Amino acid sequence: LNWYRPHPQLEPGQRWRLTARLKPASGSLNPGAFNYQQWLFAQGINVTAYVRDGARAEQLETLGHYYAFERYRGSIQQFIQSQGLDNGGLIVALATGIRSGLSEAQWQVFRRTGTAHLVAISGLHIGMVAALGYLLGLWLWRYTLLVGTHYPAPSVARLVSLVLAIFYAGLAGFTLPTTRALLMLLVYFLLLGLRRNPGLFFVLGLVLLS
C-alpha cells in the first residue's frame, strides 16, 4: 500500500481507515529484468494499492506492547538516518535488518563480491552477538558483586548472551534464520544448564525436532 502524498507519522501498531485504489499484483515482464510480480507472489501479496484522498484518513487506534519491538526498531532506524552518515543505510541494515536504505551502487558491490548475504541478519550475526554477550557476562561476573555468590560465571555469561541474542533477533524482526539460530542457542544453553555435554549433531537433531 503506497501513500504518495504527504502523510502523518506512521508507526507500527497503528490502525487506519483509508480510501484506497486497489489493483491486482502485476509487473512488467522484460527479459533479464527484476520480476516484480513473481516477487509479490513469493511475499504472499495478491493486491497492491495506493491511498486516495489522504486528508480523510482516520487513525482508529494504536495497539500496545505487542508492537513495542517494531516501534523501537523504527526509532533506531530514524535515529541513524538523522545522523547524515555516508553509510547510514548499511548501518541500519546491520542493526535492524531494514535494507531499504541501501543504494543500488552498494547492492552491486555486494553482488560482485559475493557478500550480499552478510547484509541480511542471519545466524552468523546472532552468533556474533551471543559471543559478545557471553564475554560481557563473564566481565560482569568478575567486576560485580556476583563474585563469590552461588551464581557461577558460565551461568551468568549464558544468561547475558541469550538476552542479547533475543533482543537482536527481535530487532531483525524474528526472521526465519535468526529464529533458527536463536532456537539452537537456547537448546544448547539449556543442555549445558542441565549439566550435559551434548554433541553438535545431538543439538542439531533436537532443533530439527522442535
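Treat the numbers as computed from the prediction; the structure is a model and nothing was measured.
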First locate atom CD1 of Ile126, then atom CG of Leu182, and finally report the distance between them rounded to the nearest 0.5 Å.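 With rounding to 0.5 Å, CD1 (Ile126) is 6.5 Å from CG (Leu182).
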
If you round to the nearest 0.5 Å, how far is CG of Leu1 from CG of Leu22?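 One finds 8.0 Å between CG of Leu22 and CG of Leu1.
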
With sequence neighbours excluded, what pairs up with Leu102 under the side chain to side chain contact (heavy atoms under 4.5 Å, CB included) test? Leu90, Ala93, Arg99, Gln106, Trp107, Phe110, Val119

Under the rule for side chain to side chain contact (heavy atoms under 4.5 Å, CB included), what residues qualify as partners of Gln77, not counting sequence neighbours? Gln81, Val92, Ile98, Ser100

side-chain contact (heavy atoms from CB on, under 4.5 Å) assessment of Met128 paired with Leu124: CA-CA 6 Å; Met128 295 173 61; Leu124 173 64; 4.2 Å; yes

What residues form a side chain to side chain donor-acceptor pair (under 3.5 Å) with [X], not counting sequence neighbours?
{"X": "Gln9", "value": "none"}
{"X": "Thr113", "value": "Thr115"}
{"X": "Arg21", "value": "none"}
{"X": "Gln14", "value": "Trp16"}

Can I get a per-line list of side-chain donor-acceptor pairs under 3.5 Å for residues 39-60, giving both atom names and the distance, sequence neighbours left out?
from  : atom 1 : to    : atom 2 : distance (Å)
Glu58 : OE1    : Arg17 : NH1    : 2.9
Gln59 : NE2    : Thr62 : OG1    : 2.9

Tell me whether the count of non-hydrogen atoms from other residues, nucleotides or ligands lying under 6.0 Å of CZ in Arg15 goes above 12.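 Atom CZ in Arg15 is not crowded, with 12 or fewer foreign heavy atoms closer than 6.0 Å.
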
Could you give the side-chain donor-acceptor pairs of residues 156-176 under 3.5 Å, partners two or more places apart or in another chain?
from   : atom 1 : to     : atom 2 : distance (Å)
Arg158 : NH2    : Ser155 : OG     : 3.4
Ser161 : OG     : Ala130 : O      : 2.7
Tyr168 : OH     : Leu94  : O      : 2.5
Thr175 : OG1    : Thr178 : OG1    : 3.0

Salt bridge (Lys or Arg N to Asp or Glu O under 4.0 Å) against Arg73, all qualifying residues, sequence neighbours excluded: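 Checked Arg73 against salt bridge (Lys or Arg N to Asp or Glu O under 4.0 Å); matches are Glu70.
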
Going by salt bridge (Lys or Arg N to Asp or Glu O under 4.0 Å), name the residues that satisfy it together with Arg112, two or more places apart in sequence or in a different chain. none

Among residues two or more places apart or on two chains, list those pairs meeting salt bridge (charged side-chain N to carboxylate O under 4.0 Å, His left out) that have a residue in residues 114-123.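 Non-adjacent pairs meeting salt bridge (charged side-chain N to carboxylate O under 4.0 Å, His left out): zero.
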
Sorted by first residue and then second, give each salt bridge (charged side-chain N to carboxylate O under 4.0 Å, His left out) pair with at least one member in residues 124-133; sequence neighbours left out.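 The answer is none; no pair qualifies.
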
May I ask you to test the Ile76-Ile80 pair for a side-chain heavy-atom distance under 4.5 Å?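 With C-beta onward as the side chain, the pair touches.
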
Is there a path of hydrophobic side-chain contacts, each under 4.5 Å between heavy atoms, that joins Leu136 and Tyr134? no

Nearest heavy-atom approach of Gln38 to Asn35 is N-OD1, 2.9 Å

